[in-house]
Amino acid sequence: GYQVSLQGNFFGRNHTYITFPEYNPRKHIKLDPPLNIQSNVTASKCQVWWSVPLYLAEMLQYELQYKEYSVPWEVALNKAAPSSLPQIEIEATELRSGIAYIARVRCKVSENEDSYHSQWSEWSQTTMFQRAGVPKLAEKIPNTRTMQFLLIPLSFGILLYLFWNCKLSQKATPALTFPHQLLSFSHSIICTMGILR
């Protein structure tokens with residue numbers, strides 16, 4: 001170990017103060033934060049991973065912090081990595097669908113490590129991810145404007161068909177059949193358009 005002392009000149013006299021009689025640098029380490037944090041979201045989970053120097057990989061522990069993008073870090077959730085592997089999984093059930101999240105990670109020497117001790121590093125850079133939203137029922141049903149564009153050409157096609165059929169069979173049916181069919185069909189079309197609005 002080392003002895004750490006503080007020397008100073010007070011009122012014209014030199015004084016020495018011993019601050020750490022037995023200072024061991026291995027017990028007072030502050031690591032650099034993890035690098036290259038990335039994320040990938042699937043239907044069941046979000047996986048977040050990062051990189052650290054290989055010679056440190058097996059002796060570190062990690063803490064992940066994540067939150068909705070729009071809220072402050074003070075309300076973020078913390079999650080400890082279950083092993084020394086530089087990755088953490090977040091279950092999809094812990095995330096709201098369609099909401100953007102942001103995450104960061106920090107590291108320190110593992111509590112199980114006897115030779116070295118450290119405090120938490122600073123937080124890493126962040127990564128963003130978002131759980132895919134479940135389509136709403138309204139999005140699955142064509143909107144009214146689409147239905148109108150489909151119904152108008154279809155209506156004219158049916159009218160032409162009725163007109164052509166009535167013209168061919170005019171001798172066999174009374175003269176009032178076609179106007180009666182036309183009025184009935186027009187009324188049903190007007191009612192349908194009114195419902196769609």
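Just so it is clear, the values below take in all heavy atoms, side chains as well, and ignore hydrogens, waters and symmetry mates.
Counting heavy atoms from C-beta on, the side chains of Val52 and Leu31 never come closer than 4.5 Å. No side-chain heavy atom of Ile99 sits under 4.5 Å from any side-chain heavy atom of Ser97. Side-chain contact check for Ile29 versus His117: every heavy-atom pair is 4.5 Å or farther apart. For the pair Ile102/Lys67, a side-chain contact is recorded, criterion being any heavy-atom separation below 4.5 Å from C-beta on.
A donor-acceptor pair under 3.5 Å links the side-chain atoms of Ser118 to the main chain of Val109, judged by distance alone. In this structure, the side chain of Arg104 does not engage the main chain of Thr126 through any donor-acceptor pair within 3.5 Å. At least one donor-acceptor pair closer than 3.5 Å links the side chain of Ser51 to the backbone N or O of Leu35. Listed for the Ser39 side chain is a donor-acceptor partner under 3.5 Å among the backbone atoms of Met128. Here the side chain of Arg106 pairs no donor or acceptor atom with the backbone of Ser121 at under 3.5 angstrom.
Between Pro34 and Cys107 the shortest heavy-atom distance is CD-SG, 3.9 Å. Between Arg131 and Val41 the shortest heavy-atom distance is CA-CG1, 4.0 Å. Shortest non-hydrogen contact noted between Trp73 and Gln65 is CE3-OE1, 3.4 Å. The shortest non-hydrogen separation linking Gln130 to Gly98 is NE2-O, 3.2 Å. For Gln87 against Trp49, the heavy-atom pair with the smallest separation is CB-CB, 3.9 Å. Of all heavy-atom pairs between Phe129 and Ala103, the closest is CE2-CB, 3.7 Å.
Interatomic distance, Ser110 OG to Met59 CE, rounded to the nearest 0.5 Å: 8.5 Å. Here the straight-line distance linking atom CG of Asn78 with atom CG of Leu64 works out to 8.0 Å at 0.5 Å rounding. Interatomic distance, Tyr101 OH to Arg96 CZ, rounded to the nearest 0.5 Å: 6.0 Å. To the nearest 0.5 Å, atom CD1 of residue Ile90 and atom OG of residue Ser44 are 12.5 Å apart.
Between Glu63 and Lys108, no side-chain nitrogen of the basic residue sits less than 4.0 Å from a carboxylate oxygen of the acidic one, so the salt-bridge criterion is not met.
Side-chain heavy atoms closer than 4.5 Å link hydrophobic residues (I, L, V, M, F, W, Y) into clusters, and following such links, possibly through other members, connects Val105 to Leu56.
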Run the side-chain hydrogen bond (donor to acceptor under 3.5 Å, both in side chains) test on Tyr66 and Glu94 for me, step by step, so that the C-alpha distance in whole Å, both residues' side-chain angles and the decisive distance to 0.1 Å come before the verdict.
CA-CA 11 Å; Tyr66 68 99; Glu94 299 176 54; 2.9 Å; yes

Is there a side-chain contact (heavy atoms from CB on, under 4.5 Å) between Leu95 and Cys46? Walk through the geometry before answering.
CA-CA 9 Å; Leu95 306 171; Cys46 171; 4.0 Å; yes

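Looking at residues two or more places apart in sequence or on another chain, you find a ring pair (Phe, Tyr, Trp, His ring centres under 6.0 Å) between Tyr62 and Trp50. Listed by chain and residue number, nothing satisfies the side-chain contact (heavy atoms from CB on, under 4.5 Å) test with Asp32 (two or more places apart in sequence, or in another chain). By the side-chain contact (heavy atoms from CB on, under 4.5 Å) test, Glu89 pairs with Lys45, Gln47, sequence neighbours left out.
At most 12 heavy atoms of other shown residues, nucleotides or ligands fall within 6.0 angstrom of atom CD in Glu122.
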